[in-house]
Amino acid sequence: MTITIVPRHAPSIQPDDVWLKIGDWLQRHQATIRSVQWTMVLVYCVLLIVPVFLPLPDRAVYLWTNFTRFAQFIFWGVWWPLVLLTTALVGRIWCGILCPEGAITEFAGGHGRGRAIPRWLMWPGWPTLAFACTTLYGQMTSVYQYPAPTLLILGGSTLAAALIGLLYGRNKRVWCRYLCPVSGVFGLLAKLAPLHFRVDPPLWQLSQLSGTKPKAINCAPLVPIRTMRGASDCHMCGRCSGFRGAIRLARRSPNHEIVHVAGAAAKPWETILIVFGLMGLAVGAFQWSVSPWFVYAKQWMAEWLIENGITWPLEATAPWWVLTNYPQKNDVMTLLDGALLVAYLLAAALACGATTLSLLALAARSLGPWRTQRFHHLAQSLIPLAGAGVFLGLSGLTVSQLRSDGIVLPFVDLLRLATLAMATFWSGVLCWQMTGTYSQQPARRVLALSLVGLAMTPAVAEWVLLFWIW
Ligand code: SF4
């Protein structure tokens, strides 16, 4: 039998395909990417560390006259909203090409002990738990307003990433794969990206048959490349572009992964992250400071405590690294404030999550006999709405930071309304397409869609309250 050597780019691939060229460019320019990463590390360290040594800014300064304000704006007003947006547009290119933490943990991995990854570390719940804890802790310490908690939370995460790199894996990103508090969110948003590294199994097989033995690829986030079908875990670093002539950067429908791939295996922790984390806890985090319910609960609780002669929760405070404590800025949380804040966020997560989950369960059941996998699959249809919510919340910080400096962005309300409406509609479209993979009966499909539509109501209502009613 004659064995044909498979060309690096098989005939089915158009040689002038711009995406293929970009993927290959990434693959050939890893040294440039590393330079970009270390530049980002430098910028990140300066923005993170320098403000801690400067006096807290007063009301008379602007973000272009004060470095602390500038760093705040870059971190929370520009950096995070853009990272979320780019992940939904082009996949986790932030993780693979720009993230300082990813670069540090991989570098540490190249110089560390290289131990085997323990089982406890691979528990799939870590990213969701870490996201919930950092969201809660960030609010308790006012991370968006002050440089010290920013350094503590982001810097702490970076140190942990370096430590994990030093201990486990060789030249790998064990931290990013299993522990990073935002990797769960990025993994969800990347499913919407219209770009991904596509693996062509027949071409891969053909390459193996030909006896070709290409140089091994170091996929730092430990993606099982050969069986990769989605963009969720891929960091878009480009190292595997062209491997065995079977991998290439390619376009796809932004609905494809969620409708046709995400249902293959039930991912309960992703469901929890979407429903309780992004649609509940995160919304509560952006909402509590302007919520009249919070004010009412605080007044009621304070009156009750005074009536019962218990005044210490109204007076006692904690260090800044436990609860916000900046008397010089007239910004101090009492123990009562802190307890109510935590209670508010947990209540928002539980109320929104429980309602949404119940309706999702009914929707899954309406499509036929109960299947857990179908229930978790339907939850994935909520990703556009959940992701848009967090983007709106973070961009709300951008708007308020600019407004406090006298820069009023036009059409903000209209843009918010359009974003919320489009995300809700997109989630509806995903749900409708998903129902088609489970049932051909229009009545069942319409019922399931209606129930998922109802499941979106709490999250939409929370944003409407925040932006247009309170
Ligand atoms: S699969 Fe791995 S090597 Fe390939 S682009 Fe994604 S992260 Fe990089």
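Since the model is a prediction, treat every value here as computed from it, not as a measurement. Numbering of residues begins at 1 and proceeds along the displayed sequence.
- Looking only at side-chain heavy atoms (C-beta outward), Trp38 and Ile104 come within less than 4.5 Å of each other.
- With sequence neighbours excluded, the residues that form a salt bridge (charged side-chain N to carboxylate O under 4.0 Å, His left out) with Asp413 are Arg416.
- A distance-only check finds no donor-acceptor pair linking the side chain of Gln139 to the backbone of Val342 [under 3.5 Å].
- Closest of all the heavy-atom pairs between Thr68 and Pro147 is CG2-CG, 3.9 Å.
- A distance-only check finds a donor-acceptor pair linking the side chain of Asn325 to the backbone of Ala318 [under 3.5 Å].
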Stepwise, does the side chain to side chain contact (heavy atoms under 4.5 Å, CB included) test hold for Met140 with Thr324? CA-CA 6 Å; Met140 288 164 64; Thr324 307; over 6 Å; no
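- By the 4.5 Å heavy-atom criterion applied to side chains, Leu163 and Trp175 are not counted as neighbours.
- To the nearest 0.5 angstrom, Thr457 atom OG1 is 7.5 Å from Leu359 atom CG.
- At least one side-chain heavy atom of Arg403 sits less than 4.5 Å from a side-chain heavy atom of Val399.
- A donor-acceptor pair under 3.5 Å is absent between the side-chain atoms of Asp233 and the main chain of Gly187, judged by distance alone.
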Apply side chain to side chain contact (heavy atoms under 4.5 Å, CB included) to Val464 and Ile469, showing your working. CA-CA 7 Å; Val464 170; Ile469 295 180; 4.0 Å; yes
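- For Thr86, the side-chain contact (heavy atoms from CB on, under 4.5 Å) partners at least two apart in sequence or on another chain are Val90.
- Counting only distance, with no hydrogens or angles, the side chain of Gln30 and the backbone of Gly238 share no donor-acceptor pair below 3.5 Å.
- Counting all heavy atoms, side chain and backbone alike, Val174 lies closest to Gly169 at CG2-CA, 4.1 Å.
- Annotation for Val452 and Ala363: closest pair CG2-CB, 3.7 Å, computed over non-hydrogen atoms.
- Judged purely by atom type and a 3.5 angstrom limit, Arg170 uses its side chain to pair as donor or acceptor with the backbone of Gly112.
- The shortest side-chain heavy-atom distance between Phe131 and Thr135 falls under the 4.5 Å cut-off.
- Remark: Arg92 is not positioned above the aromatic ring of Phe186, lacking an NZ or CZ atom under 6.0 angstrom from the ring centre and at most 45 degrees off the axis.
- Checked against side-chain hydrogen bond (donor to acceptor under 3.5 Å, both in side chains), Ser157 has the following partners two or more places apart in sequence or in another chain: Glu101.
- Rounded to the nearest 0.5 Å, atoms OH (Tyr326) and CE (Met333) are 10.0 Å apart.
- Atom-to-atom distance recorded for Ser450:OG and Leu362:CG is 12.0 Å, nearest 0.5 angstrom.
- The two residues Gln37 and Ala103 make their nearest non-hydrogen contact at CB-CB, 3.7 Å.
- Between Leu278 and Ile383 the shortest side-chain heavy-atom distance does not fall below 4.5 Å.
- Between Trp80 and Trp76, the ring planes lie parallel to each other; the angle is under 30°, not in the 30° to 60° tilted range.
- In this structure, Trp468 places its CH2 atom where more than 12 heavy-atom neighbours from other residues, nucleotides or ligands lie under 6.0 Å away.
- Judged by distance alone, with hydrogens and angles left aside, the side-chain atoms of Arg198 form a donor-acceptor pair with the main-chain N or O of Arg251 at under 3.5 Å.
- Open room surrounds CZ on Phe70; 12 or fewer heavy atoms of other groups in view lie less than 6.0 Å from it.
- Counting only N and O atoms by type, the side chains of Asn255 and Trp426 include a donor and acceptor under 3.5 Å apart.
- Without hydrogens or angle criteria, Thr355 side chain to Ala455 main chain gives no donor-acceptor distance under 3.5 Å.
- Counting heavy atoms from C-beta outward, Cys352 and Val275 have side chains that stay 4.5 Å or more apart.
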Identify each donor-acceptor pair in which a side-chain atom of residues 113-127 lies under 3.5 Å from a protein atom, sequence neighbours left out, and give them as a table.
unit_1 : atom_1 : unit_2 : atom_2 : d
Trp126 : NE1    : Trp120 : O      : 2.7

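- Nearest heavy-atom pair across Ile274 and Ala386 is CG2-CB, 4.1 Å.
- To the nearest 0.5 Å, atoms CG (Leu195) and CD1 (Ile93) are separated by 8.0 Å.
- Glu270 has a carboxylate O that lies under 4.0 Å from a charged side-chain N of Lys191, or vice versa, which qualifies the two as a salt bridge.
- Evaluation of the side-chain contact (heavy atoms from CB on, under 4.5 Å) rule for Ala130 yields Pro181 as partners, not counting sequence neighbours.
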Determine, step by step, whether Val429 and Trp432 satisfy the side chain to side chain contact (heavy atoms under 4.5 Å, CB included) criterion, reporting the C-alpha distance in whole Å, the side-chain angles of both residues, the deciding distance to 0.1 Å, and the verdict. CA-CA 5 Å; Val429 170; Trp432 179 251; 5.7 Å; no
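- Relative ring orientation between Trp370 and Phe375 is described as tilted, the plane-to-plane angle lying within the 30° to 60° band.
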Check step by step if side chain to side chain contact (heavy atoms under 4.5 Å, CB included) holds for Phe197 and Ile225. CA-CA 10 Å; Phe197 276 94; Ile225 301 179; over 6 Å; no
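- Although no hydrogens or angles enter the test, the distance criterion places a donor-acceptor pair under 3.5 Å between the side chain of Gln72 and the main chain of Gln145.
- Evaluated for a ring pair (Phe, Tyr, Trp, His ring centres under 6.0 Å) with Trp288, the options Trp293, Phe294, Tyr344 yield exactly one hit, Phe294.
- In this pair, His256 and His260 present their aromatic rings tilted. The plane angle is within the 30 to 60° band.
- Between Phe286 and Trp463, the ring-plane angle classifies as tilted under the 30° and 60° cut-offs.
- A 6.0 Å sphere centred on CH2 of Trp470 holds more than 12 heavy atoms belonging to other residues, nucleotides or ligands.
- Of the possible donor and acceptor atoms, none in the side chain of Arg69 sits under 3.5 Å from a partner among the backbone N and O of Tyr62.
- Salt bridge status for Lys329 with Asp58: absent, with no side-chain N to carboxylate O gap under 4.0 Å.
- Using a 4.5 Å cut-off on side-chain heavy atoms (C-beta onward), Leu420 and Leu385 make contact.
- In this structure the side chain of Ser427 reaches within 4.5 angstrom of the side chain of Pro384, judged on heavy atoms.
- Every residue two or more places apart in sequence or in another chain that forms a side-chain hydrogen bond (donor to acceptor under 3.5 Å, both in side chains) with Thr271 is listed here: His376.
- With salt bridges taken as basic N to acidic carboxylate O contacts below 4.0 Å, one links Arg252 and Glu257.
- The minimum heavy-atom distance linking Glu462 with Ala348 is given by the pair OE2-CB, 4.1 Å.
- Annotation: the span from Gln328 atom CD to Asn330 atom CG amounts to 10.0 Å, rounded to 0.5 Å.
- Rounding to the nearest 0.5 Å places CZ of Phe73 at 6.0 Å from OG1 of Thr398.
- With Glu315 contributing its side chain and Thr334 its backbone, the two residues share no donor-acceptor pair below 3.5 Å.
- Between the side chains of Tyr44 and Thr158, at least one donor-acceptor pair of N or O atoms lies under 3.5 Å.
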